[in-house]
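Structure, as structure tokens:
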Amino acid sequence: MNVKSDLLHVVQRNQEKFDAAEAYESIIAGKREQRPQDFVDCIVDLREYDVPYHVRFAIDNDVRCGQWYDVSVSSTGLMLEKRTDLLQRAEVHVCAFDIETTKLPLKFPDAEYDLIMMISYMVDGQGYLIINRELS
């Protein structure tokens with residue numbers, strides 16, 4: 001993820017250079033193309049940079065919710081083996097967490113001065129209230 005954030009700046013810089021060079025070349029045609037000194041200067045696009053690592057891992061390794069796997073760790077890395085003998089799918093559990101706060105319009109809450117009005121969570125459709133305050 002750090003490399004992606006570093007490369008985003010490189011892509012923006014290179015795209016601006018590319019746009020400027022393209023505009024310049026449209027004015028003065030026939031300029032011989034120069035070879036870049038650094039290959040980083042050739043990076044002009046990133047694909048799937050917004051896909052989190054764990055999602056990309058699951059897609060690439062065909063890891064799916066509700067499937068059973070044998071998981072083992074060795075010196076070479078993590079091994080996932082799908083259990084095809086288990087036909088009944090694993091039950092997927094869902095947990096949601098919610099905090100309601102005061103905040104300034106169009107701003108994110110700030111712990112320095114915004115107050116918590118409610119904290120609740122829900123597990124598999126059953127809701128639980130932790131804090132509920134009336135603010136005036």
Side-chain angles (χ1 to χ4, degrees):
M1 296 305 282
N2 291 340
V3 171
K4 287 179 185 180
S5 66
D6 290 345
L7 284 178
L8 277 175
H9 301 295
V10 170
V11 167
Q12 289 171 345
R13 182 194 70 210
N14 290 345
Q15 191 62 46
E16 289 170 4
K17 281 185 193 176
F18 180 76
D19 291 343
E22 195 173 67
Y24 179 73
E25 287 175 7
S26 67
I27 296 169
I28 302 174
K31 183 181 177 186
R32 191 172 178 205
E33 188 174 322
Q34 295 178 356
R35 296 183 69 146
Q37 297 295 320
D38 188 1
F39 287 110
V40 173
D41 295 334
C42 297
I43 302 173
V44 293
D45 193 13
L46 285 179
R47 308 257 166 110
E48 295 189 6
Y49 65 90
D50 57 340
V51 178
Y53 176 78
H54 66 282
V55 174
R56 186 75 251 167
F57 176 87
I59 292 168
D60 292 343
N61 294 286
D62 195 30
V63 176
R64 303 288 182 238
C65 288
Q67 295 289 324
W68 294 97
Y69 298 90
D70 282 333
V71 180
S72 59
V73 179
S74 68
S75 61
T76 58
L78 179 72
M79 302 292 292
L80 290 174
E81 186 178 337
K82 190 182 287 189
R83 295 282 307 266
T84 56
D85 59 321
L86 298 174
L87 299 179
Q88 183 176 355
R89 296 203 183 264
E91 185 179 342
V92 177
H93 295 278
V94 177
C95 178
F97 189 74
D98 188 26
I99 298 176
E100 299 293 333
T101 67
T102 60
K103 65 177 189 63
L104 295 173
L106 303 175
K107 298 288 183 183
F108 283 104
D110 188 331
E112 294 294 321
Y113 52 85
D114 288 321
L115 302 174
I116 295 175
M117 296 184 293
M118 185 190 75
I119 300 176
S120 64
Y121 68 98
M122 183 177 277
V123 178
D124 293 333
Q126 180 67 41
Y128 301 93
L129 184 63
I130 298 172
I131 292 176
N132 190 16
R133 297 181 183 150
E134 185 176 328
L135 301 176
S136 53

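Source: prediction; values computed, not measured. In this chain, residues are counted from 1 in sequence order.
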Assess whether side chain to side chain contact (heavy atoms under 4.5 Å, CB included) is satisfied between L115 and R133, documenting all intermediate values.
CA-CA 10 Å; L115 302 174; R133 297 181 183 150; 5.8 Å; no
Are the side chains of N61 and Y69 in touch, meaning some heavy atoms are under 4.5 Å apart?
no
Taken to the nearest 0.5 Å, the spacing of L7 CG from D45 CG works out to 11.5 Å
Connected via hydrophobic side-chain network under 4.5 Å: I131 and Y128
yes
Hey, is CZ on F97 packed in by over 12 heavy atoms from elsewhere, all under 6.0 Å?
yes
Nearest 0.5 Å, what's the CG-CD1 distance between N132 and I116?
12.5 Å
Between the CG atom in L8 and the CD1 atom in I43, the distance rounded to the nearest 0.5 Å is 11.0 Å
Going only through I, L, V, M, F, W and Y residues with side-chain contacts under 4.5 Å, is there a path from Y53 to V71?
yes
Would you say D114 and K107 make side-chain contact, with heavy atoms under 4.5 Å?
no
Can you hop from V73 to F57 via hydrophobic side chains spaced under 4.5 Å?
yes
Cluster link L87 to W68, ILVMFWY, side chain under 4.5 Å:
no
Scanning both residues in full, the closest heavy-atom pair of D41 with R13 reads OD1-NH2, 3.3 Å
Single-linkage hydrophobic cluster, 4.5 Å side-chain cutoff, I119 and Y121 together:
yes
Does CE in M118 sit with more than 12 non-hydrogen atoms of other residues, nucleotides or ligands closer than 6.0 Å?
yes
Do K4 side-chain atoms and V51 backbone N/O form a donor-acceptor pair below 3.5 Å?
yes
Would you say V63 and K82 make side-chain contact, with heavy atoms under 4.5 Å?
no
Can any side-chain N or O of D70 pair as donor or acceptor with the backbone N or O of R83 at less than 3.5 Å?
no
What are the two closest heavy atoms between I59 and R64, and how far apart are they?
CA-NH1, 4.2 Å
